[in-house]
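Every chain is numbered from 1 and lettered A, B, ... according to where its sequence line falls, protein lines coming before strand lines.
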There are 4 protein chains.
Amino acid sequence: MSEEELLIQQLFDEEKLTDKQKKIIVAAIESFSEKGYSATSTSEIAKKAGVAEGTIFRHYKTKKDLLLSIVAPLMTKMIGPIVVNDFNKVLDRQYDRVEDFLKATIENRRELLIKLLPVIKILLQEIPFQPELRELFLEQIANKIFERVSIIIKGYQEKGELIEMPPESVARLAITSILGYLFSRYILFPHIEWDDELETERTIQFIMHGLGKKE
Amino acid sequence: MSEEELLIQQLFDEEKLTDKQKKIIVAAIESFSEKGYSATSTSEIAKKAGVAEGTIFRHYKTKKDLLLSIVAPLMTKMIGPIVVNDFNKVLDRQYDRVEDFLKATIENRRELLIKLLPVIKILLQEIPFQPELRELFLEQIANKIFERVSIIIKGYQEKGELIEMPPESVARLAITSILGYLFSRYILFPHIEWDDELETERTIQFIMHGLGKKE
Amino acid sequence: MSEEELLIQQLFDEEKLTDKQKKIIVAAIESFSEKGYSATSTSEIAKKAGVAEGTIFRHYKTKKDLLLSIVAPLMTKMIGPIVVNDFNKVLDRQYDRVEDFLKATIENRRELLIKLLPVIKILLQEIPFQPELRELFLEQIANKIFERVSIIIKGYQEKGELIEMPPESVARLAITSILGYLFSRYILFPHIEWDDELETERTIQFIMHGLGKKE
Amino acid sequence: MSEEELLIQQLFDEEKLTDKQKKIIVAAIESFSEKGYSATSTSEIAKKAGVAEGTIFRHYKTKKDLLLSIVAPLMTKMIGPIVVNDFNKVLDRQYDRVEDFLKATIENRRELLIKLLPVIKILLQEIPFQPELRELFLEQIANKIFERVSIIIKGYQEKGELIEMPPESVARLAITSILGYLFSRYILFPHIEWDDELETERTIQFIMHGLGKKE
DNA sequence: GATGAATGAGTGTTCATTCAT
DNA sequence: CATGAATGAACACTCATTCAT
C-alpha cells in the first residue's frame, strides 16, 4: 500500500489530496484495473477505501469524474516529462544511436511503467468507450508526442540511422511494439516466467532490425 | 445489416440459428463493441434486436454466456482455418520468403478481419477481465498457433531467412505488430484517412527489416 | 417411482390420466411438498416430469389448476372412504370402545397416510392462502366429517364412553392430536428415530385419558 | 397500525430501528402472513411500507434476511421469557397442579399470542421450507424448552400428577394440543364465533383428562 | 396431443447519486 | 468535511402463459 501511495503522490501530489481522497484513488485504481470501469461499483470502491459512499461524491461529482481524475494526470504528468526530459536529451545529442535512446528511455522508465501499469491498463481499456478520454489522449499524447517524436525521428533519419518512412508510421510501429511487449508480459501471460532484460533487448533489436536476417 | 448477416453466417453457420437468435447476436456484437460488455444492458440488446428480453435468456443462460457464444467461434472458426489452411501452404513451400507468406496471410484475411473487427474488439477488451475467455484464448490460440508457428519459424530460420531468436519471441513480435496496426487503424484513429495497402506494406517491411537503415 | 405411481392411481384413477399427466402430477407433488407451491416453478415441474413446458398447460389451464387437481381428490376420494367405510363400521357397532375405533382407523390408514403425506403437507400449507382450497376443504371435510363424526361421538357419549362436550370440540381435539403427531413425526423431527407403534399408542391413550394420572 | 407498532417494539426494541425499518417490518409481517413468504414480492412490501424498494435492501441484505429478522426474535425474545419466567414459577412450586400452571401460562400469554399470531403463522408456514429456520427453531425452542419442560414434567410425575410417559412425548402431546387449538381458532376457522375462555378450558381439560369419561 | 420458442410483466437485487445530519 | 440512510431507475434474470408448428 505504501508503495502505491508513493505512486499516488508522484501522480497527484500537486493538488493537495486529503487522506481519504488518496484512499479513494488507490482503491479505484485497483478495482478499475482488475474488473474494468463499468463493472466496478462506487460502493465497492468506498468499502475498499474505507470511506462512506457519500465521501466519493463529495470529491468527485460523478463516477466518470473519478475515472478522469485518475487517468488524466497520467497523461499530463507522466507523458509530459518523458517528452520533455528524455527527448531533450536526445535532441541535445546525448544519444548517438537510436538503440541507445530507446534502451535508456525504456530502462529508466521501466520501474515507473510497471508501477503505473494498472493506470495504463485503465487508460487503454477505457479509451475506446470514453470520448472525453480519447480526445484528452489525442490532445495530450498523440499530438504532443508525435510532434516531438517527429523531430527526433527526422533527426535520426537525416543521420541515416532510420529508414525513410513518414514519422507517424515510424512512431506507430515503435510504440506498438513496446506496448505489445507490455501487453503480452503483464496482461496476457503474466504467469509465465519472463527474462525482462533479455526480452526488452529483443524488442529493441526487433524495432531496429526487424526479423529478417542480415547477410 | 445484410453485410453483418453474412458475417454471422460465416461465424455461426454450423449450429442452426433461428432468426431471432441471429438478431440477438448482431445486436449484441454491435452494443458490446460500441460500449463494452459491462456497460451494455440485456434490455438494450433486446430492444435493438427487436425481441423480448426473455428471448435472450431462452437461448443464452446468462449474459456472459452470450458473450462467450459470440467470441468463442471467433477463436475456433477463424483462427483455426488460418492455422490449418494458410500455414499448410507455407509448410508445403508455397511461399519461399517470409514476406510473401505474411503478405498473403494478411491480404486474403483483410476483408474478413475488417468484418470481424467488432468481434475482435470485444475479444481484446474482455480478455483482461474474463478468466474463461483468457483460458479459452490461451488454449485455442496461444498454444495451437505457437505450436504451428514455431515449426514455420524454425523452417525459415533454417533457410536463413529469419534471425536466431526463440520462436515464441519471434511470434510475439510479429503478431503484436500486426495487432498494433489494427488497433491504431480501427480503434485509436479510425477517423484518420489511412492508405491501408501502403501501411500494411510498411508493417510487413517493419517486421522483416525493422526501422534501422541498412547501409 | 412405481410406489408413487400406485398412489397416483389410487387418487386419480377414475379420470383416465395419460402417461404424461401422471408424470406431471408426480413431479408437481414432489416439488410442491418440498419447496411449497409459490416457490415451485412450472418449468421446474416440466423438467422433473420430462415433458415440455407447454404440456402442463394443455392439461391444466393454470398453475393453480394443477394445485387444485392434486389436492382436491385427496379430499373427495380419501376422506370420503374413511367417513363412509370406517365410520359405517362404527355405526354398525363393530367397535365397542372408542380406543378400538381410533386404533383401527389409524392402523389401517397409516400406510396410506404416510404415502399421502406429501399431498397432505401441500394441503395444509396452502389452505391458509388459497380461498378456493379453504372453501373446498370446509365443504368436503369440515362439514361432512363433522356431521358424521358428531353422530359417532354422540353415540359414544350416550354409551358413557366419552365426556360431555360439544362434538365439534371433541372432534377438534382428537384430530389435532393426530395431526400434531404426524407434524412432529414427519415434518419437524423426521431425522429422529421414532417407535411409531408405541407413539401411536401413546397418542391414542392421550386422546382417551389425557395426561392426568388416575388414582 | 399503532397496535402493531407496539408489537414491533416488544419484539424488536433492543436494536434501535429507524422509522422506515419499522414500517418495513410491519408491512412484511402483514404481507408474509397474508400471502406467504414466497408469494410476497419485495416491491409489494416497499409499496405497503411507503419506502423505496432499495431501502429494504439497505437494511436487509436479502429477502430471506428480512424473513429471518422477523421470525428470529419471536423465538429468542418470546419463547425465552416463557421458559425463564413462567417455568421458574413452576419450579418454585407456585403452581401445585398442572392445570393451574397450564392455565396461567396460556392466560397471561394469550394477548401476546394473539398479537404475535401473524408472526407465529409465518414461522409455522416457513419452517418446513427454510432449513435455517428449522435449525434456529430446533436450537432455540425444541432443545431449550424440552430441557426445561422435562424437569417440570418429571416434577409433576413424581408428585403423581402426571402419568408415566417419556417427557418428550408428554411435551409433544401437550404442546401440539395447544398449537392445534390456535391453528383451528385463528387460521382454519377464524370466521366462526369462538368462546375463547371456554375453549381454552376445554383444551386444558383435554390435556389433563383426555376424552374418556371417568366413572 | 405435444412441443418449445416467444413473450413481457415481474423478480430480487444493485446502482450512482442526493441530502439531512 | 464526512457520513450513511434513502432513493427509484436500472439491472440480470425468471415467471406463468400462449401459440404456431
Side-chain angles (χ1 to χ4, degrees), chain A residues 18-21 23-24 38-47 49-66, chain B residues 17-21 23-24 37-47 49-66, chain C residues 18-21 23-24 38-47 49-66, chain D residues 17-21 23-24 37-47 49-66:
Chain A
T18 68
D19 196 47
K20 305 242 166 192
Q21 246 171 316
K23 279 181 189 161
I24 291 170
S38 283
T40 300
S41 73
T42 50
S43 78
E44 190 191 329
I45 294 170
K47 201 179 293 169
V51 304
E53 291 188 53
T55 308
I56 291 177
F57 291 91
R58 174 151 304 277
H59 294 291
Y60 308 94
K61 269 214 296 276
T62 66
K63 190 185 165 192
K64 192 171 282 178
D65 237 54
L66 175 58
Chain B
L17 296 180
T18 68
D19 198 47
K20 306 246 164 188
Q21 245 171 315
K23 280 181 190 161
I24 291 169
Y37 168 77
S38 282
T40 300
S41 74
T42 49
S43 80
E44 188 190 332
I45 295 170
K47 205 175 290 169
V51 303
E53 210 170 343
T55 307
I56 293 178
F57 291 93
R58 172 155 299 276
H59 295 292
Y60 308 94
K61 273 209 291 279
T62 64
K63 191 187 166 193
K64 193 171 281 178
D65 234 53
L66 176 58
Chain C
T18 68
D19 197 48
K20 306 242 166 192
Q21 248 171 313
K23 280 181 189 160
I24 291 170
S38 282
T40 300
S41 74
T42 50
S43 78
E44 188 191 331
I45 294 170
K47 201 178 292 169
V51 305
E53 293 188 51
T55 308
I56 292 177
F57 291 91
R58 175 150 304 276
H59 294 291
Y60 309 93
K61 270 216 295 278
T62 65
K63 190 186 167 192
K64 193 171 282 179
D65 237 52
L66 176 57
Chain D
L17 295 180
T18 68
D19 198 47
K20 306 245 165 190
Q21 243 170 317
K23 279 181 190 161
I24 291 169
Y37 168 77
S38 283
T40 300
S41 73
T42 50
S43 80
E44 189 190 330
I45 295 171
K47 205 175 291 170
V51 304
E53 211 171 341
T55 307
I56 292 177
F57 290 92
R58 172 154 299 275
H59 295 291
Y60 308 93
K61 272 210 291 280
T62 64
K63 191 187 165 192
K64 192 171 283 179
D65 233 55
L66 176 57

TODO: Taking all heavy atoms of A39(A) and all of E44(A), pick out the closest pair and write down the distance.
DONE: O-OE1, 4.3 Å

TODO: Would you mind reading off the distance between E44(B) atom CD and dA9(F) atom P, rounded to a whole angstrom?
DONE: 19 Å

Task: Nearest-nucleotide 5' precedence on DNA chain F, S38(B) against A52(D) - done: A52(D)

Task: Length of the line joining H59(B):NE2 and dA12(F):P, which is rounded to integer Å - done: 18 Å

Task: Whole-Å distance separating the CD1 atom of I56(B) from the P atom of dC11(F) - done: 12 Å

Task: Rounded distance (Å) that lies between atom P of dA10(F) and atom CD1 of I45(B) - done: 17 Å

- [ ] Find the distance E53(B):CD to dC11(F):P and express it as a whole number of Å.
- [x] 9 Å

- [ ] Report the nucleotide, chosen from dC11(F), dT7(F), dT3(F), that has the shortest atom-to-atom distance to any side-chain atom of K20(A).
- [x] dT3(F)

Task: Whole angstrom value for the distance that separates P of dA2(F) from NZ of K23(A) - done: 11 Å

TODO: Tell me which of K63(B) and Q21(D) sits closer to the 5' end of DNA chain F, going by the nucleotide each one is nearest to.
DONE: Q21(D)

Task: Watson-Crick/G-U partner (both atom distances under 3.5 Å) of dT21(E) - done: dA2(F)

Task: Given DNA chain E, 5'-ward residue of the pair R58(D) and T42(D), judged by closest heavy atom - done: T42(D)

- [ ] Nearest 0.5 Å please: distance from the NE2 atom of H59(B) over to the OG1 atom of T55(B).
- [x] 6.5 Å

Open item on the list: Pair I45(B), K63(B) - check side chain to side chain contact (heavy atoms under 4.5 Å, CB included), show working.
Closed with: CA-CA 10 Å; I45(B) 295 170; K63(B) 191 187 166 193; 5.6 Å; no

Task: Range on DNA chain E touched by chain C, heavy atoms, distance below 4.0 Å - done: dG1(E) to dG4(E)

Open item on the list: Expressed as a whole number of angstroms, how long is the span from I24(A):CD1 to dG4(F):P?
Closed with: 13 Å

TODO: Not counting sequence neighbours, which residues clear salt bridge (Lys or Arg N to Asp or Glu O under 4.0 Å) with K20(A)? List them please.
DONE: none

- [ ] Would you indicate, yes or no, if dT7(F) has its OP1 or OP2 atom less than 4.0 angstrom from a side-chain nitrogen or oxygen of T55(D)?
- [x] yes

- [ ] Identify the heavy atoms of I24(D) and Y60(D) that sit nearest to each other, and give their distance.
- [x] CG2-CE1, 4.2 Å

- [ ] Please figure out whether A39(D) or T40(A) has its closest DNA chain E nucleotide nearer the 5' end.
- [x] A39(D)

